Structures are given as structure tokens and as C-alpha cells.
Amino acid sequence: MENQLFYELGDSLYVNVTNRCTNCCTFCIRDHSGVGGYDLWLAQEPTLEDMIQELDAVNLNQYQEIVFCGYGEPLMRLDEVVALAAEMKNRVNIKVRVNTNGHANLIFGCDVTPQLRGIDTLSISLNARDEAQYDEICRPSLEGAYEAVKEFARLSKKHVKQVVLSVVDTIISEEDIAKCQEIAAEIGVPLRVRHYED
Ligand code: SF4
């Protein structure tokens, strides 16, 4: 097991910038297992300078995609994610995805989506058909999180090429997933049904 910022899964390089999160999802893998044999608990959050220094040892050419994801919500560190993504894109021609809980505008108290225009794909966890279900499954620490997630998806569409909402298949029923499909369609983005193992 290694404690690290970067980890590799398939053809992608994953980036684990924080262990902080404004959700406490019942299904969060942080509480159950590691990811691909990696220990993603960080002894301390790396600074942007640390990250760029570690990046020097990475051959970005061998990956199809960069994914900001890990044991926490990447956009808790919005500035660092944006800066590191830009640095990576300066070095190679590569797509960058951010997997997010969609709380960034609530966290920062303003619309931060224009800052995400350098990101190719934003995968936003919807996770539930309504606020009551969201609160039960995701146990957010912020008020109004469910509506904020949907609004974040709407606003992100103006700046990010590909915005996707996601749900986890074993957590909610088929009927709930169908309702989430309707919500995604109304926002104008695709819904990705993730398998729990993903
Ligand atoms: S949003 Fe992601 S990191 Fe945060 S608690 Fe839920 S599953 Fe875990």
C-alpha cells in the first residue's frame, strides 16, 4: 500500500488532492476498502508546489485521461485542481475529468463554474431522486446540497464541454434511477449509472 497523490487505474492517471468532503455517503469506499491497492489517506494535503514537483516524475504520455478523484472532494481545492490541470495540459495534450459531489458553489459561496472551463469532463454525483433521499444517502454537511448539485450541473454546462450526472446502481431502485434520468434530461446532460465496483 502506498500513500500517494497520483495513482494509476487502467489507462488513466488519478489525482487524489484531499481527504476532505462535504458529504459522508453511506457507500463511500473510504470507509470500506482501498482503491486498486492504494492507500489514499493523505498524511497531509500536498501544496500545489508539491504536486508540480511530483508531476515531474510522471510520464503523462502513457495515459489516456487524467481524473481528479480520490478519498475526498477534489473541488474543496478548486484553485489547486485548476492550476494542476492547466500545468498537465501545458505539458501534454490530454483530457482532464473531475469527479465531484457538485457542492463547489455552496462551499465557496459563489458561482465558481467559469473557473472550470479548462476541464474537459465534469462528472457530478446526483445520487438521489430528491432531497430527502439525497440527505439519507449522502449525509451532506451543507444545507440545500441537493438543489445546489443540480444548479451546479446547469451552470457548469456553460463552461465545461462534457457534464455528466451520475448515480450508483445498487444504492437506489430502478424507479429512482428513472426519476434521475428525467432530472438529467431536464438539465440537459446525460446520466451515467455507475456500478458500485466502479
Ligand atoms: S462525495 Fe465521494 S468522497 Fe465524499 S463521502 Fe461521498 S463518495 Fe465519499
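Just so it is clear, the structure is predicted and the values come from calculations on it, not from any experiment.
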*Asks:* Can you confirm whether P140 sits close enough to D135 that some side-chain heavy atom of one is under 4.5 Å from a side-chain heavy atom of the other?
*Replies:*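 When only atoms from C-beta onward are counted, D135 and P140 do touch, with a gap below 4.5 Å.
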
*Asks:* Can you tell if the side chain of N101 reaches within under 4.5 Å of the side chain of V149, non-hydrogen atoms only?
*Replies:*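 With C-beta onward as the side chain, the pair stays apart.
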
*Asks:* Is the number of heavy atoms from other residues, nucleotides or ligands within 6.0 Å of CG (N93) greater than 12?
*Replies:*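 Count not over threshold, so no.
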
*Asks:* Find out whether T22 and I107 are in side-chain contact, i.e. whether some heavy atom of one side chain is under 4.5 Å from a heavy atom of the other.
*Replies:*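 SC-SC contact between T22 and I107 confirmed.
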
*Asks:* State the SG-NE2 distance between C21 and H103, to the nearest 0.5 angstrom.
*Replies:*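 One gets 7.0 Å once the value is rounded to the nearest 0.5 Å.
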
*Asks:* Classify the side-chain pair T18/E73 by whether it contains a donor and acceptor separated by less than 3.5 Å.
*Replies:*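 Side-chain D/A pair, T18 to E73: absent.
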
*Asks:* Under a 4.5 Å side-chain heavy-atom rule over Ile, Leu, Val, Met, Phe, Trp and Tyr, are V164 and L116 clustered together?
*Replies:*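 Not linked; separate clusters.
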
*Asks:* Can you tell me how far apart CG (D11) and CD (E65) are? Round to the nearest 0.5 Å.
*Replies:*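 Answer rounded to 0.5 Å: 10.0 Å.
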
*Asks:* With a 4.5 Å heavy-atom cut-off, do L60 and L55 have their side chains touching?
*Replies:*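 Yes, their side chains come closer than 4.5 Å.
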
*Asks:* Quick one: does R139's side chain get under 4.5 Å of C28's, heavy atoms only?
*Replies:*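 Result no, sub-4.5 Å side-chain heavy-atom pair not found.
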
*Asks:* Evaluate the criterion side-chain contact (heavy atoms from CB on, under 4.5 Å) for residue pair L191 and I183; output intermediate values, then yes/no.
*Replies:* CA-CA 9 Å; L191 183 81; I183 293 166; over 6 Å; no

*Asks:* Under a 3.5 Å distance rule, please check whether N127 uses its side chain to pair with a backbone N or O of Y134 as donor and acceptor.
*Replies:*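 Checking the backbone N and O of Y134 against the side chain of N127, no donor-acceptor pair under 3.5 Å is found.
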
*Asks:* Looking only at non-hydrogen atoms, find the nearest pair between L84 and L48 and report the distance.
*Replies:*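 In terms of heavy atoms, the two residues are closest at N-CD1, 4.1 Å.
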
*Asks:* Answer yes if F108 and L155 sit in the same cluster of Ile, Leu, Val, Met, Phe, Trp and Tyr residues linked by side chain heavy atoms under 4.5 Å apart, and no otherwise.
*Replies:*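 Not linked; separate clusters.
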
*Asks:* To the nearest 0.5 Å, tell me how far N61 CG sits from R91 CZ.
*Replies:*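 Rounded to the nearest 0.5 Å, the CG-CZ separation comes to 11.5 Å.
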
*Asks:* Hey, does E45 have a side-chain heavy atom less than 4.5 Å from the side chain of M76?
*Replies:*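 Heavy-atom side-chain distance check fails, nothing below 4.5 Å.
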
*Asks:* Does K95 reach the main-chain N or O of I66 with its side chain, forming a donor-acceptor pair under 3.5 Å?
*Replies:*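 Side chain of K95 to backbone of I66, a donor-acceptor pair under 3.5 Å: no, none is there.
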
*Asks:* Nearest 0.5 Å, please: how far is CD1 in I119 from NE2 in H159?
*Replies:*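 Answer rounded to 0.5 Å: 13.0 Å.
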
*Asks:* Main chain of R129, side chain of Y146: is a donor-acceptor contact present, judged purely on distance under 3.5 Å?
*Replies:*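 Indeed, once roles are kept as given, a pair shorter than 3.5 Å links the two residues.
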
*Asks:* Backbone N or O of D39 within a donor-acceptor pair of the Y7 side chain at under 3.5 Å?
*Replies:*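 Absent.
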
*Asks:* Quick check against the 3.5 Å criterion: does R20 have a side-chain atom that pairs as donor or acceptor with the backbone of R77?
*Replies:*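 No; judged by distance alone, with no hydrogens or angles, the pair does not exist.
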
*Asks:* Mind listing the closest non-hydrogen atom pair of P114 and D111 along with its distance?
*Replies:*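 For P114 versus D111, the nearest heavy atoms are CD-O, 3.5 Å.
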
*Asks:* Just so I know, are the side chains of R154 and E151 near enough to count as touching, which here means a heavy-atom distance under 4.5 Å?
*Replies:*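 Yes, at least one pair of side-chain atoms sits under 4.5 Å.
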
*Asks:* One pair to check against side-chain contact (heavy atoms from CB on, under 4.5 Å): Q115 and D79. What are the steps and the verdict?
*Replies:* CA-CA 9 Å; Q115 294 181 58; D79 290 345; 3.6 Å; yes

*Asks:* Can you spot which of D120, V82, L13 makes a side-chain contact (heavy atoms from CB on, under 4.5 Å) with V96?
*Replies:*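 The single option meeting the side-chain contact (heavy atoms from CB on, under 4.5 Å) with V96 is D120.
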
*Asks:* Locate the shortest heavy-atom distance separating R192 from S123; write the atom from each residue and the value.
*Replies:*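 Shortest heavy-atom contact: NH1-OG, 4.5 Å.
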
*Asks:* May I ask you to check whether over 12 heavy atoms, not counting those of E143, lie within 6.0 Å of atom CD?
*Replies:*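 No, CD of E143 has 12 or fewer neighbouring heavy atoms, counting only those of other groups under 6.0 Å.
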
*Asks:* Backbone N or O of S166 within a donor-acceptor pair of the S125 side chain at under 3.5 Å?
*Replies:*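 No; zero donor-acceptor contacts below 3.5 Å.
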
*Asks:* Verify the distance criterion only: is there a donor paired with an acceptor across the side chains of Q133 and D176 at less than 3.5 Å?
*Replies:*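 Note: Q133 and D176 side chains meet the donor-acceptor criterion.
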
*Asks:* About how many Å separate OG1 of T26 and CD1 of I171, when rounded to the nearest 0.5 Å?
*Replies:*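 Going from the CD1 atom of I171 to the OG1 atom of T26 covers 5.5 Å.
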
*Asks:* I'd like to know if the side chain of K158 reaches the main chain of T113, judged simply by a donor and an acceptor atom lying under 3.5 Å from each other, with no hydrogens or angles considered.
*Replies:*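 Flag not set: sc K158 to bb T113 has no pair under 3.5 Å.
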
*Asks:* Start with the C-alpha gap between V160 and T121, add the side-chain angles, then the distance that decides, and say whether side-chain contact (heavy atoms from CB on, under 4.5 Å) holds.
*Replies:* CA-CA 7 Å; V160 177; T121 303; 5.7 Å; no

*Asks:* Where is the tightest heavy-atom contact between M88 and F68, given as atom of each residue plus distance?
*Replies:*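 The answer is SD-CZ, 4.4 Å.
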
*Asks:* Shortest non-hydrogen contact from A153 to V163?
*Replies:*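 Answer, listing the atom of A153 first, then V163: O-CG1, 4.2 Å.
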
*Asks:* Does any part of the side chain of R97, heavy atoms only, come nearer than 4.5 Å to the side chain of Q162, both counted from C-beta?
*Replies:*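 Of all side-chain heavy-atom pairs linking R97 with Q162, none is under 4.5 Å.
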
*Asks:* Passes side-chain contact (heavy atoms from CB on, under 4.5 Å), T170 versus V168? Steps please.
*Replies:* CA-CA 6 Å; T170 55; V168 180; 4.2 Å; yes

*Asks:* Strictly by modelled atom types, are Y14 and N99 linked by a side-chain donor-acceptor pair under 3.5 Å?
*Replies:*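 Absent: no donor and acceptor within the cut-off.
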
*Asks:* Does Q53 CD have over 12 foreign heavy atoms under 6.0 Å away?
*Replies:*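 Counting neighbours around CD of Q53, 12 or fewer heavy atoms of other residues, nucleotides or ligands fall under 6.0 Å, so no.
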
*Asks:* Which heavy atom of L42 sits nearest a heavy atom of Q4, and at what distance?
*Replies:*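 For L42 versus Q4, the nearest heavy atoms are CD2-O, 4.0 Å.
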
*Asks:* Can you measure from CG (N16) to CG (L40) and round to the nearest 0.5 angstrom?
*Replies:*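 Between atom CG of N16 and atom CG of L40 there are 4.5 Å.
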
